[in-house]
Amino acid sequence: MAPKSDSPPPDSSIDPLYHLLRLLPYSLLRPPRLRLKLPSLTLPSPMTVYCLILLTYFLVVSGFVYDVIVEPPGIGSTQDSLSGAVKPVVFMPGRVNGQYIIEGLSSGFMFVVGGVGIVLLDLAMDRNRARSVKVSFGAAGVAAVVVAYVMSMLFLRIKIPGYLG
């Protein structure tokens, strides 16, 4: 048997104003019948999701967070010892953990080009495409991967002279 509770039921208030306010407005007014539509959110297309992921990848590998926190200069400069002229420097030489803004963006762009090349190589393996399209995707994918690798190695050799060589 359940224990009895000593609390009074909700309608057993002695206050007459409570009963009046509880009944009066709702006997004169009635709520409107609203025909509201729930907002429907459609999923983004696969290409939109791919582009957002690619943009996020570019920002991460180009050092965007580093650039925001440290605020390095966009490009550096050095003075030529012979002529005394000031020459622009894109890569911060000798410092592996530091970068100019342009250096990070160009390296990040090369990584994205390599990633797009791999995606093109994957598209070239689709059996439902025409042979000419597959060859075009394959050639563009190989070219993108090779260009990205060669340029990244060039950037690394400029950044750290004497490394890998």
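- Although no hydrogens or angles enter the test, the distance criterion places no donor-acceptor pair under 3.5 Å between the side chain of Thr48 and the main chain of Pro44.
- By the 4.5 Å heavy-atom criterion applied to side chains, Phe64 and Val68 are counted as neighbours.
- Rounded to the nearest 0.5 Å, atoms CG (Asp126) and CZ (Arg129) are 5.0 Å apart.
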Residue pair Phe137, Met125: steps toward the side-chain contact (heavy atoms from CB on, under 4.5 Å) verdict: CA-CA 9 Å; Phe137 278 160; Met125 297 303 293; over 6 Å; no

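- Proximity of the aromatic rings of Phe91 and Phe155 is defined here by a centroid distance below 6.0 angstrom, and this criterion is met.
- Across all their heavy atoms, Gly138 and Ala124 have their closest contact at N-CB, 3.5 Å.
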Derivation of the side-chain contact (heavy atoms from CB on, under 4.5 Å) call for Lys87 and Gln79: CA-CA 6 Å; Lys87 297 190 311 187; Gln79 190 170 10; over 6 Å; no

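- Hydrophobic cluster membership differs between Val142 and Val112, with clusters built from Ile, Leu, Val, Met, Phe, Trp and Tyr side chains linked at under 4.5 angstrom.
- Nearest heavy-atom pair, Asp67 versus Ser62, reported as atom, atom and distance to 0.1 Å: OD2-O, 4.2 Å.
- A continuous path of Ile, Leu, Val, Met, Phe, Trp and Tyr side chains, each step under 4.5 Å between heavy atoms, connects Tyr57 with Tyr50, placing both in one hydrophobic cluster.
- The number of heavy-atom neighbours closer than 6.0 Å to CZ of Phe58, taken from other residues, nucleotides and ligands shown, is above 12.
- No continuous path of hydrophobic side-chain contacts links Val113 to Val60 [ILVMFWY only; heavy atoms under 4.5 Å].
- Listed here is the closest heavy atom pair of Leu120 and Ala140: CD1-CB, 3.9 Å.
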From CA spacing to verdict: side-chain contact (heavy atoms from CB on, under 4.5 Å), Val70, Gln99: CA-CA 10 Å; Val70 177; Gln99 71 178 15; over 6 Å; no

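- We find the CD1-CZ distance between Ile160 and Arg95 to be 12.5 Å, quoted to the nearest 0.5 Å.
- The minimum heavy-atom distance between Ala144 and Gly117, with the atom names listed, is CB-CA, 3.6 Å.
- Summarising the geometry, atom CE belonging to Met92 is positioned 9.0 Å from atom CG belonging to Asn97; distances are rounded to the nearest 0.5 Å.
- Residues Ser77 and Val86 approach most closely at CB-CG1, 3.7 Å, considering heavy atoms.
- Met110 is connected to Val119 through a chain of hydrophobic side-chain contacts under 4.5 Å among Ile, Leu, Val, Met, Phe, Trp and Tyr, so both are in one cluster.
- The two residues Tyr66 and Pro72 make their nearest non-hydrogen contact at CE2-CG, 4.1 Å.
- Grouping the Ile, Leu, Val, Met, Phe, Trp and Tyr side chains by contacts below 4.5 angstrom, directly or via other members, places Val147 apart from Met153.
- Side chain of Ser107 to backbone of Gly104: no donor-acceptor contact under 3.5 angstrom is found.
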side-chain contact (heavy atoms from CB on, under 4.5 Å) assessment of Val90 paired with Ile75: CA-CA 5 Å; Val90 176; Ile75 195 167; 3.9 Å; yes

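- The number of heavy atoms from other shown groups lying within 6.0 Å of CG (Leu38) does not exceed 12.
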